[in-house]
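Structure record follows, encoded as C-alpha cells.
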Amino acid sequence: MSREVGMLLFTAIFMLGCVAVPLISILVKHQQTMARILRDSNQSDQVENQLAAMRNEISQLNATIGALKAASGAHERSDKELSARLGERF
C-alpha cells in the first residue's frame, strides 16, 4: 500500500512539475515584457518633456530676437533723424 501511495505521490508531483514549469516560464516572460514596456514609456515621457522645454526656449529666444530687432530699428531711425537734423544745421 505504501508503495502505491509513493507512486501516486510521485506521479502527482511529476504532473504538477510538467504544468508548473511552463506556467512559471510564461509568467516570467510576461513580467519582462511589461517591465520593458514601462521603461520605454518612461523614456518617451522624458523625451516629450525635453522637447517641450526646448520649444519653450526657442519661443523665448525668438521673442528676444524680435525685441532686439525692434530696438535696433529704433536706434537706426533715431540715428537717421539725428543725421538729418545735424545736416540741416551744418
Side-chain angles (χ1 to χ4, degrees):
M1 180 88 149
S2 78
R3 184 179 167 113
E4 291 174 5
V5 172
M7 285 300 287
L8 186 62
L9 188 59
F10 173 76
T11 304
I13 291 172
F14 179 75
M15 294 300 284
L16 184 64
C18 287
V19 172
V21 170
L23 185 61
I24 290 170
S25 174
I26 291 169
L27 290 174
V28 167
K29 181 72 173 171
H30 173 70
Q31 182 183 15
Q32 291 172 347
T33 303
M34 291 303 294
R36 188 180 71 243
I37 289 170
L38 289 174
R39 184 187 66 235
D40 292 346
S41 173
N42 188 25
Q43 287 176 351
S44 176
D45 290 343
Q46 289 176 353
V47 169
E48 287 178 20
N49 290 340
Q50 289 176 349
L51 184 59
M54 289 173 65
R55 285 181 176 152
N56 237 352
E57 284 186 52
I58 289 171
S59 295
Q60 290 174 354
L61 288 172
N62 283 334
T64 303
I65 289 170
L68 288 173
K69 282 183 179 180
S72 175
H75 286 288
E76 288 177 12
R77 284 190 300 271
S78 65
D79 286 347
K80 287 179 184 177
E81 291 173 5
L82 182 60
S83 294
R85 287 183 188 168
L86 289 174
E88 291 174 2
R89 292 185 184 167
F90 294 102

Look at atom CD of Gln31 and say whether more than 12 heavy atoms of other residues, nucleotides or ligands are closer to it than 6.0 Å.
no

Side-chain hydrophobic cluster, 4.5 Å single linkage: members besides Leu9:
Ile13

Which pairs of donor and acceptor atoms, one on a side chain in residues 48-68, lie under 3.5 Å apart (sequence neighbours left out)?
unit_1, atom_1, unit_2, atom_2, d
Asn49, ND2, Asp45, O, 3.4
Ser59, OG, Arg55, O, 3.2
Asn62, ND2, Ile58, O, 3.4
Thr64, OG1, Gln60, O, 2.9

Partners of Gln46 by side chain to side chain contact (heavy atoms under 4.5 Å, CB included), sequence neighbours excluded?
Asn42

Counting N and O atoms only, with roles assigned by atom type, does the side chain of Thr33 sit under 3.5 Å from a partner on the main chain of Lys29, one being a donor and the other an acceptor?
yes

Sequence neighbours excluded, which residues qualify as side chain to side chain contact (heavy atoms under 4.5 Å, CB included) partners of Val28?
Ile24, Gln32

Taking all non-hydrogen atoms of both residues into account, name the closest pair between Pro22 and Gly17 and its distance.
CD-O, 4.2 Å

